[in-house]
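Down below is the structure, laid out as structure tokens.
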Amino acid sequence: MFKNDLLNNKRILITGGGTGLGKEMAHHFAAHGANLYICGRRENVLKETATEIESKYKTTVSYQTLDIRASKDVEDYIETIFQEGPLDGLVNNAAGNFISPTKDLSHKGFDAIANIVFHGTFYITHSVGKRWIESNKKGSIINILTTWVWTGSPYVVPSAMSKSGINAMTKSLAAEWGKYGIKINGIAPGPFPTKGAWDRLNPDDNDDGMMNTVPLGRVGEMSEIQNLATFLMADGCDYLTGQTIGLDGGQYLTGGGTFSQLDKLSDQDWENMRKLIRDANNKDKADRS
Ligand code: HXC
């Protein structure tokens, strides 16, 4: 889809880049010439991903264990990176989530998610953004969100709340930091099954209900999120900022209207409906004459 040198020599940090969607984006950025920084809580997966990417592409991948909830560690890490050279891009991909009835959550459970998604994403963005501003350097930020930022979602309330906050940050900073040449956008993926997410969001491995609501009738393909992230990271579209783009096969739109459930009707069902409506019209007409 893109020329292989599209991201040549760009230096991009992907939080949570050792696994899941972060790893997928890392591969694609490297395939298009970017040098990468990846961080996360597990050294083994970071090391494995870094080795895998470096052996496949002619790029460098530095990795660092980091819990983005620890603000001082975040600041130190970003300072170390910038001492080596400024970043060009940041992908806020690291997240935490699990399904649970909200009434059963402990406050600590809520905090575990909010501290990663809401606080941690801000810490990273702030540490990177202020260095771009101080050094007069432009940059691109991509926030990995969910469509729940528009709809809310039962059973994942701490995540929906936190990601909505980051969606507000996306729009707010696009307006505040545009003058510094910093663009910031969001990707709101629908179901893209990764081990980290599906172990916690679909633990019984039954996604029939979820798939019924995707008009395209399938989950997302990794190449689709890789392509969108690469497009948002590349030069040439700097005017695009403050936007969160849904990448969900139209799933969230099916819940957006009062009559979404009519999607399930057969031709025969519609024929019966038309007859019932016509009968009602005829009865009203008869009453009027
Ligand atoms: C209820 C739970 C729980 C569960 C944990 N907790 N899992 N409560 N149901 N299933 C509670 C614990 O009991 C504890 O509270 C508190 O949360 C902290 O738990 P820890 O395990 O000590 O936390 P920690 O090790 O910091 O782990 C953070 C985590 C974990 C968020 C809980 O899931 C994690 O590390 N996740 C990272 C990867 C991830 O979640 N990926 C999915 C992202 S998907 P108490 O009070 O008992 O001490 C995503 C959107 C995808 O973001 C969109 C798809 C459409």
Side-chain angles (χ1 to χ4, degrees), residues 14-25 38-46 49 65-71 73 91-121 124 142-167 186-216 218-222 224-225 228-229 244-255:
I14 305 172
T15 65
T19 54
L21 298 183
K23 178 178 175 177
E24 297 291 339
M25 289 183 278
I38 58 175
C39 62
R41 283 177 291 165
R42 286 175 292 158
E43 181 166 12
N44 58 336
V45 290
L46 292 168
T49 297
T65 52
L66 177 76
D67 188 334
I68 62 170
R69 289 175 280 197
S71 63
D73 293 349
V91 182
N92 284 313
N93 165 76
N97 200 0
F98 52 79
I99 48 170
S100 172
T102 305
K103 69 179 175 51
D104 298 336
L105 282 173
S106 69
H107 289 178
K108 218 174 131 198
F110 175 87
D111 288 347
I113 294 169
N115 286 342
I116 298 171
V117 179
F118 188 67
H119 292 264
T121 305
I124 291 269
I142 301 172
N143 298 316
I144 303 303
L145 302 172
T146 72
T147 54
W148 314 326
V149 303
W150 299 307
T151 60
S153 181
Y155 305 108
V156 283
V157 168
S159 169
M161 289 171 66
S162 302
K163 296 245 183 200
S164 297
I166 301 304
N167 192 39
I187 297 177
F192 278 79
T194 60
K195 184 165 170 25
W198 252 232
D199 282 354
R200 295 169 178 94
L201 301 179
N202 187 31
D204 62 355
D205 215 16
N206 174 8
D207 52 18
D208 285 357
M210 207 186 297
M211 281 316 102
N212 288 342
T213 61
V214 181
L216 267 66
R218 63 170 175 85
V219 295
E221 287 173 11
M222 292 306 168
E224 293 170 323
I225 192 162
L228 180 56
T244 295
I245 300 171
L247 186 68
D248 70 338
Q251 184 189 34
Y252 95 92
L253 297 169
T254 66

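Ligands are counted one by one from 1 in listed order, and the atoms in each one are counted from 1 as well.
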Donor-acceptor list for residues 101-118 side chains, cut-off 3.5 Å, not counting sequence neighbours:
| from | atom 1 | to | atom 2 | distance (Å) |
| --- | --- | --- | --- | --- |
| Ser106 | OG | Lys108 | N | 3.4 |
| Ser106 | OG | Gly109 | N | 3.0 |
| Asn115 | ND2 | Asp111 | O | 3.2 |

Can I get a per-line list of side-chain donor-acceptor pairs under 3.5 Å for residues 144-162, giving both atom names and the distance, sequence neighbours left out?
| from | atom 1 | to | atom 2 | distance (Å) |
| --- | --- | --- | --- | --- |
| Thr146 | OG1 | Trp148 | N | 3.0 |
| Thr151 | OG1 | Thr147 | O | 3.4 |
| Ser159 | OG | Asn97 | ND2 | 3.4 |
| Ser162 | OG | Pro158 | O | 2.7 |

Q.
If I compare all heavy atoms of Gly249 with all of Pro215, which pair ends up nearest, and what's the gap?
A. O-CD, 3.1 Å
Q: Report the residues that fulfil salt bridge (charged side-chain N to carboxylate O under 4.0 Å, His left out) with Glu224, sequence neighbours left out, ordered by chain and then residue number.
A: Arg218
Can you give me a line-by-line list of nitrogen or oxygen pairs between ligand 1 and the protein shorter than 3.5 Å?
| from | atom 1 | to | atom 2 | distance (Å) |
| --- | --- | --- | --- | --- |
| ligand 1 | 15 (O) | Ser106 | OG | 3.3 |
| ligand 1 | 26 (O) | Arg69 | NH1 | 2.9 |
| ligand 1 | 26 (O) | Arg69 | NH2 | 3.0 |
| ligand 1 | 33 (O) | Arg200 | NE | 2.9 |
| ligand 1 | 35 (O) | Arg41 | NH1 | 3.3 |
| ligand 1 | 35 (O) | Arg41 | NH2 | 2.6 |
| ligand 1 | 40 (O) | Asn97 | N | 2.9 |
| ligand 1 | 40 (O) | Asn97 | O | 3.3 |
| ligand 1 | 46 (O) | Ser106 | OG | 2.6 |
| ligand 1 | 48 (O) | Lys108 | NZ | 3.2 |

Q: Check Ala94 against Thr15 and note the closest heavy-atom contact, atom names and distance.
A: N-OG1, 2.9 Å
Q) Which heavy atom of Cys39 sits nearest a heavy atom of Leu46, and at what distance? A) C-CD2, 3.6 Å
